[in-house]
Amino acid sequence: MPSSTPKPGISSETRAPAQTFRDKHGRALLWCWQGLGGTLAVAAMEVAAYFGETPLALIPFATSIVLVLGMPEAEAAQPRALVGGHLVSTLVGFAMLAVFGRSEPAAAAAVGLAMVAMRVSGTMHPPAAINPIIVVMEAMKPGFLLVPVGFGAVLLSFYAFGWHNLARRGSWPLRWW
């Protein structure tokens with residue numbers, strides 16, 4: 001007959017609770033919800049590219065969508081990092097384009113400088129590192145900062161807010177700024 005007393009040295013408070021069926025499957029359902037949100041966000045980005053002036057390959061949000069919808073608890077997925085990181089890195093790209101023109105070395109240096117600028121400004125968003133490459137290599141016009149970059153980052157923030165909070169009220173963002 002099994003004893004109901006805990007083994008010596010192991011109290012009931014120190015044992016990890018068994019993962020419940022609801023916990024295990026609830027997490028999987030949440031991941032599916034996040035994946036569906038990412039699918040719809042990328043589809044919307046494709047439609048916007050089709051009807052807009054910027055080709056899909058030059059809209060820098062696919063990896064941001066994955067981060068913001070797939071890892072919403074990450075610091076880099078918060079609105080300040082999302083919006084600020086895209087704006088800061090794009091501005092660095094324009095500065096490098098103005099000084100050095102269109103070249104691979106300028107694009108590479110722009111990524112490094114964008115990393116530093118995002119760190120200094122507290123807006124580190126790794127997916128935004130593509131922006132200076134796009135700006136420098138494609139010699140983008142200044143309007144690129146506003147549309148698609150600025151508008152797209154703000155729109156993604158609001159989309160993520162709505163999507164995450166449909167599944168779990170108050171779950172995103174951890175902080176707005």
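Being a predicted model, the structure only gives us computed values, none of them experimental. The analysis underlying the following values was restricted to heavy atoms, covering all of them including side chains, and did not include hydrogens, waters or symmetry mates.
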Where is the tightest heavy-atom contact between I59 and A49, given as atom of each residue plus distance? CD1-CB, 3.5 Å

Here the salt bridge (Lys or Arg N to Asp or Glu O under 4.0 Å) pairs for residues 168-177, sequence neighbours left out, are E75-R175

Taking all heavy atoms of A117 and all of V92, pick out the closest pair and write down the distance. CB-CG2, 3.9 Å

Nearest 0.5 angstrom please: L166 CG to W33 CH2, how far? 5.0 Å

Please determine whether residues L155 and L87 belong to a single hydrophobic cluster, defined as Ile, Leu, Val, Met, Phe, Trp and Tyr linked transitively by side-chain heavy-atom distances below 4.5 Å. no

For residues V99 and V135: do they belong to one hydrophobic cluster (side chain heavy atoms under 4.5 Å, members Ile, Leu, Val, Met, Phe, Trp, Tyr)? yes

Side chain to side chain contact (heavy atoms under 4.5 Å, CB included) between L146 and F151, worked out: CA-CA 6 Å; L146 297 176; F151 180 73; over 6 Å; no

For A106 against G101, the heavy-atom pair lying closest together: CB-O, 3.8 Å

Quick one: do L36 and M45 end up in the same hydrophobic cluster if we chain Ile, Leu, Val, Met, Phe, Trp and Tyr together by side-chain heavy atoms under 4.5 Å apart? yes

Side chains of I65 and L156: does their closest heavy-atom pair fall under 4.5 Å? yes

Taking side chain as C-beta onward, heavy atoms only, is Q34 less than 4.5 Å from C32? no

For a 4.5 angstrom cut-off between non-hydrogen side-chain atoms, does F144 reach V149? yes

Quick one, V136 and E104 - any side-chain contact, counting heavy atoms below 4.5 Å? no

Measuring from L58:CG to E53:CD, what's the distance to the nearest 0.5 Å? 12.5 Å

Taking the side chain as C-beta and beyond, is there a heavy-atom pair between L67 and H125 under 4.5 Å? yes

Do the side chain of N131 and the main chain of S89 share a donor and acceptor less than 3.5 angstrom apart? no

Determine the minimum heavy-atom distance between A129 and V111, stating which atoms define it. O-CG2, 3.5 Å

Does R80 reach the main-chain N or O of W176 with its side chain, forming a donor-acceptor pair under 3.5 Å? no

Do L40 and Y159 make a side-chain contact, defined as non-hydrogen atoms from C-beta onward lying under 4.5 Å apart? yes

Would one find more than 12 heavy atoms of other residues, nucleotides or ligands at under 6.0 Å from atom CZ of R102? yes

L97 CG to E138 CD distance, which is reported to the nearest 0.5 Å: 11.0 Å

Could you check whether any side-chain N or O of S157 sits under 3.5 Å from a backbone N or O of A153, counting only pairs where one atom can act as donor and the other as acceptor? yes

Closest heavy-atom contact between T54 and P148? OG1-CD, 3.9 Å

So how far is it from M124 CE to L82 CG, rounded to the nearest 0.5 Å? 14.0 Å

Please check if L91 and I130 belong to a single hydrophobic cluster, counting links between Ile, Leu, Val, Met, Phe, Trp and Tyr side chain heavy atoms closer than 4.5 Å. yes

Please find out if less than 6.0 Å separates the ring center of W163 from that of W172. no

Is any side-chain heavy atom of P132 closer than 4.5 Å to one of T90? no

Distance, nearest 0.5 Å, that separates CE of M137 from CD1 of I133: 9.0 Å

Hphob cluster co-occupancy, F100 + F94, side-chain heavy atoms under 4.5 angstrom: yes

Donor-acceptor check, side chain of H164 to backbone of V68, threshold 3.5 angstrom: yes or no? yes

Are any of the side-chain heavy atoms of F61 and V42 separated by less than 4.5 Å? no

Keeping the roles fixed (side chain from Q78, backbone from P173), state whether a donor-acceptor pair exists under 3.5 Å. no

Does the E46 side chain pair with the main chain of A41, one donor and one acceptor, at a distance under 3.5 Å? no

